[in-house]
Number of protein chains: 2
Amino acid sequence: MESLFQEVQVEKVSDKIVDQLCRLIQEGKLTPGHRLPGERKLIEMLGVGRSSLREALNKLETLGYIEIRKRKGIFVRSIDSTLQLDPLKKLIQEDQHKVVQLYEVRSDIEQASAFAAASAHTAADLETIRNHLNRFTEPSGALTFSWQHDLDFHCAIARASHNLFRVHATIGILDFAREFIQPILEGFALSATHSATIVEQHRAIYTAIAARDGAAAREEMKIHLDWTNQKLVEHLN
Amino acid sequence: MESLFQEVQVEKVSDKIVDQLCRLIQEGKLTPGHRLPGERKLIEMLGVGRSSLREALNKLETLGYIEIRKRKGIFVRSIDSTLQLDPLKKLIQEDQHKVVQLYEVRSDIEQASAFAAASAHTAADLETIRNHLNRFTEPSGALTFSWQHDLDFHCAIARASHNLFRVHATIGILDFAREFIQPILEGFALSATHSATIVEQHRAIYTAIAARDGAAAREEMKIHLDWTNQKLVEHLN
DNA sequence: CCAAATAACTGGTCAGACCATACTATACGA
DNA sequence: TCGTATAGTATGGTCTGACCAGTTATTTGG
């Protein structure tokens, strides 16, 4: 009568951790480039021993979900294998102007994000986007721009479109472009006028999405990314 | 003069163990079903700590080389057991309906391809597209559909948009989706009416691009992919 | 000679310690 | 006041030792 019984559940602690983090990454709660707390922090947050934690992290790294950098930290990776960007990295290093082409594709996808988000978003999605938007403005009224804030904002929109692949494609591209773009972008965004323009464009996108006006959302996203791309070109020349 | 030096090799102990055992398995020194010595034996045989050993074993298990059975031992696995490691593929395997989301992103990009190709294409690009289009029609007038022909046609358009990343993304997505989609698509495309519809839609896209009408090209591409996606949904339900 | 009790062994987990390096903040000097 | 040097902290990598809960092999008692 052994068929009556199922094998005793002896799921390893590390497997539970793997499951938990996997889900967080797949759902987009943990976005690529995001840095996880250190191992010592994690073990007390999760209430497990360091061996189990390390076993889980090791597995996640082997599976490609995270990247563990010695003495640097634990980072979430983009799981978008469909874009296979790595081989193209050298291409950009040889000719920086090629990032413009990459940003074109980004624009393709993000315009679709904005359009879809306008009709697919929930109240919670909208709040998340608004929160990211507000982070650009400090209580004093001063504007702060950072790559991470920008990325979070755009990802929130992709997430609001409720298409997992769009989220990962977006993050994948931005994460890939980070090393080329971040210094440039944060450089000229220091200018108050540029910062103001960006925030203004972001707000326009948000407003269109909130109004569930897909066409306008797409158009505002296009305006924003065309402008950014234009600034990029100017900087490269 | 730092270029004189290369970064210090800090290969992890566990990685060395992985390499060693990998080689033994690949060379056939360790055959499937073979039971390895216990962890305590292995650490003194290899002269490493248990953490490192376990880290290595864990990785080997994730990679599919060995199987660790609690309180039973460590066993070499047969390598032919198909192991799916790609996180995104796992996602789709859990829920096939997610391919629809993937195709949505494909549509985003390919609409942009069509639009851009309309204005950016050269005479040579156009000829290539036309050639791929004609391959659907046999000299006898009969229609043949194959995944490869379809892929070639769509890639030719992406290439005509003169954006390397777009080409790469398109191929990446289609190649990734192939194993899920190909059987389905080639299945219903056997129907003469479906084949005819597809070829007709392809021709419409081509015509719009040739006429350098970007808006029309985008619209025809959208019609085509929406239709395909619709058929996909119908098949999955 | 067989069955029951026991010892040895298994992988899983936790804890604590140490290492080498990277980052940060503080203090000191110009 | 600014910039640099230094000390302190945080990081992942490794090792050791211990305990647990089952499994397997061995020994012991009938």
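Protein chains get the first letters and strands the later ones, always in sequence-line order, with residue 1 at the start of each. Side-chain atoms are counted along with the backbone in the values below, which use heavy atoms only and exclude waters and symmetry mates. Computed from a predicted structure; not experimentally measured.
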Between the side chain of B:Glu61 and the main-chain N/O of B:Ile68, is any donor-acceptor distance below 3.5 Å?
->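 Yes.
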Any donor and acceptor pair, going by atom type alone, linking the side chain of A:Asn58 with main-chain N or O of B:Glu55 inside 3.5 Å?
->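 Flag set: sc A:Asn58 to bb B:Glu55 pair under 3.5 Å.
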Send over the distance from [X] [atom1] to [N] [atom2], rounded to a whole Å.
X       : N      : atom1 : atom2 : answer
A:Glu67 : D:dG13 : CD    : P     : 11 Å
B:Ile43 : D:dT14 : CD1   : P     : 15 Å
A:Lys72 : D:dT9  : NZ    : C1'   : 17 Å
A:Lys70 : D:dT11 : NZ    : P     : 16 Å

Residue whose nearest DNA chain C nucleotide is more 5′ - A:Val13 or A:Arg40 |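 The 5'-side residue here is A:Val13.
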Near DNA chain D, which residues from residues 44-60 of chain A have a heavy atom under 4.0 Å away?
->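 Listed by number, they are A:Arg50, A:Arg54.
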Check whether the ring centres of A:His154 and A:His149 lie less than 6.0 Å apart, and answer yes or no.
->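 No, the ring of A:His154 stays outside the 6.0 Å limit from the ring of A:His149, centre to centre.
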Compute the centroid of each ring, for A:His34 and then for A:Phe75, and state whether the two points are separated by less than 6.0 Å.
->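 So the answer is no for these two rings.
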Angle class for the A:Trp227/A:His194 ring planes (parallel below 30°, perpendicular above 60°, tilted otherwise)?
->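 Ring orientation, 0 to 90° scale: perpendicular.
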Nucleotide of C:dC18, C:dG12, C:dT21 approaching B:Ile68 most closely (side-chain heavy atoms) =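 Nearest to the side-chain atoms of B:Ile68, counting from C-beta on, is C:dG12.
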For B:Ile74, answer base if it contacts any base atom (sugar-phosphate contacts may also be present), sugar-phosphate if it contacts only those atoms, and nothing otherwise; contact means non-hydrogen atoms under 4.0 Å.
->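 Sugar-phosphate only.
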DNA chain D: B:Asp15 or B:Arg35, which has the more 5' nearest nucleotide?
->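 This one resolves to B:Asp15.
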Among A:His132, A:His202, A:His224, the one residue meeting ring-ring contact (aromatic ring centres under 6.0 Å, His included) with A:Phe153 =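 Filter result, single survivor: A:His202.
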